[in-house]
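Step one of this worksheet: look at the structure below.
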There are 2 protein chains.
Amino acid sequence: MLDRSNRANNRERNLLAKTSFMKHLSPAALESLLDSAQIISLPARSIIFREGESATAIYCLLAGYARLYRMGKDGRQADFRICTPGEVFAECLVFGGTHYPYSAQAAENVSLARLDAKDVRDLAERDPTVAKAMIAALSEHLIVTTETLVNDRLHTAPQRVADYLLERCPVDSGSASIRLPFQKNLLAGMLGLAPEALSRAFSSLKRAGVSVRGRVIQISDVKALREM
Amino acid sequence: MLDRSNRANNRERNLLAKTSFMKHLSPAALESLLDSAQIISLPARSIIFREGESATAIYCLLAGYARLYRMGKDGRQADFRICTPGEVFAECLVFGGTHYPYSAQAAENVSLARLDAKDVRDLAERDPTVAKAMIAALSEHLIVTTETLVNDRLHTAPQRVADYLLERCPVDSGSASIRLPFQKNLLAGMLGLAPEALSRAFSSLKRAGVSVRGRVIQISDVKALREM
DNA sequence: CGCTGTCTTGAATTGGGTCAAGGGCCGTGG
DNA sequence: CCACGGCCCTTGACCCAATTCAAGACAGCG
């Protein structure tokens, strides 16, 4: 699975230290984590870990995007989170789990930091800033996942797409332009849609002033979009 | 909102102390929490807190069931978790949030312990056993919520109902009998279904040997049910 | 220029929501 | 003990959203 694996260099240490997971750690804890972190680069589509594998590490994404998903026994798979640079994942097993409860795959070329779960656990027991960071990350993920679940149950595909666009709209009114950070394929999965359904959702948003060209989305009237 | 509010008596302290959230706390932390806990009894259907309210406390359910849900702007509401006795909720805001991100309602007569969020936060910073308990609770909830989300996306209504039944089947094969702990109404919400859909799901499970009479579910062949 | 992979469009199907009516269960009161 | 009324649950009919399957458009790239 590893095509390259080593200590973090200066650039990587800086990236990691700015991460929301690490930025409030005590200097000692930060250094200990940075020293023990393994940096791994993987090509697109590699499996980072598979659900059911015994879990020895948590990860922090440095560059690229990663899919977290589970599969049904019929082979279909459902994404429940797309990780963006700076985020941690698999952190839910630092206390409790011994096996990964889901799979992770590189959606493009990624570079990530691998932190030994036991190290983090020990550190969290000794250093309250580490525990606090864990709690903050878990809370955040719990809230986001809950929101996703509720959105699925409450909103239709066009509404969810509109929500997604509005969340990353720089402005509150007037017009805006957004560039999707990844393939529509991935976006569809993260919204719980088949790719075709995403396509149709976009085209049904045309009437609300949304136009799509490749990865670039033009919104003519943000306020109007917010209504529906 | 409060119809009775006071310190925990011995019975209540015992209940709380056995809770998965509290059972591994240091004696000092446990006592401090028990001393500051407020015990509240509420009749069925009371609102415990409403989404958007400023959040000052987290809760631990002692008896009865509680719905956690959010509402869409059209007034429809979606449950995402049903709390059972012994569980904590609203714990996600101990670090981070200042307002409840969802609403909580008593599904029947409930009694619950109210813990001041700031107390818990301070305690967690000082006492690693408290932080650890928070981390464990958050991890657990994150995993369960993730599972729910994935189930929604991957499985049909009858499959989700079958899953629910199998999860609380004492045995692995042969026949089994389960008594639902609450109204079908509530079960429907927790599975993300309209009550009618739950009904239909049950009746479509008849062919798999599931028979329903009131709250009692008979499963003639657990192994057969597990297949579908 | 053709190729490969991504995206879109169309038609058929299905799962589940909604609305409206009927049935069972239980508590209350006669 | 039975009758009544309310509440929850079930059933049926209808409809809409979204998946699936299949085919075509489009882009980037050799």
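Chain identifiers are assigned alphabetically (A, B, ...) following the order of the sequence lines, protein sequences preceding nucleic acid strands; residue numbering begins at 1 within each chain.
- In DNA chain C, runs of at least 3 stacked Watson-Crick or G-U pairs (N1-N3 plus N6-O4 or O6-N4, or N1-O2 plus O6-N3, all under 3.5 Å) give these stems: C:1-6 with D:25-30, C:8-21 with D:10-23, C:24-30 with D:1-7.
- Below 30°, between 30° and 60°, or above 60°: for B/Phe80 and B/Tyr102 the angle between ring planes is above 60°, a perpendicular geometry.
- If you take CZ of B/Arg45 and C1' of D/dC8, they are 11 Å apart, rounded to a whole angstrom.
- For residues 60-80 of chain B, every residue pair satisfying the side chain to side chain donor-acceptor pair (under 3.5 Å) rule, not counting sequence neighbours, is listed here: A/Glu147-B/Arg70, B/Arg67-B/Asp79, B/Arg67-B/Gln105, B/Asp74-B/Arg76.
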*Letter per nucleotide, 5' to 3', of nucleotides 19-30 of chain D [B base touched, S only sugar-phosphate touched, - untouched; heavy atoms, 4.0 Å]*: BBB---------
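- Using modelled atom types, no side-chain atom of B/Ser111 and backbone atom of B/Leu62 make a donor-acceptor pair closer than 3.5 Å.
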Under 3.5 Å, side-chain donor or acceptor atoms of residues 185-214 of chain A against the rest of the protein: list the pairs with distances, not counting sequence neighbours.
from, atom 1, to, atom 2, distance (Å)
A/Ser203, OG, A/Arg200, O, 3.2
A/Ser204, OG, A/Ala201, O, 3.1
A/Arg207, NE, A/Ser204, O, 3.3

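- A/Asp163 has its side chain within reach of A/His155: a pair of non-hydrogen atoms, C-beta onward, lies under 4.5 Å apart.
- At least one cation-pi condition fails for A/Arg160 and A/Tyr164: the charged atom is not both under 6.0 angstrom from the six-membered ring centre and inside a 45 degree cone around its axis.
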Distance-only criterion, 3.5 Å: show the donor-acceptor pairs between side-chain atoms of residues 82-99 of chain B and protein atoms not counting sequence neighbours.
from, atom 1, to, atom 2, distance (Å)
B/Glu87, OE1, B/Arg81, NH2, 3.4
B/Glu87, OE1, B/Thr84, N, 3.1
B/Glu91, OE2, B/His141, ND1, 2.6
B/His99, ND1, B/Gly52, O, 2.9

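- Formation of a donor-acceptor pair under 3.5 Å by the B/Gln159 side chain with backbone atoms of B/Thr156 is found in this model.
- Here chain A contacts DNA chain C (any atom closer than 4.0 Å to a heavy atom, that is under 4.0 Å), and the contacts span C/dT6 to C/dA11 from 5' to 3'.
- Applying the 6.0 Å contact sphere to CZ of A/Arg45 captures no more than 12 heavy atoms from other residues, nucleotides or ligands.
- A salt bridge is defined here as a Lys NZ or Arg NE, NH1 or NH2 lying under 4.0 Å from an Asp or Glu carboxylate O, and A/Arg153 with B/Asp152 meets this definition.
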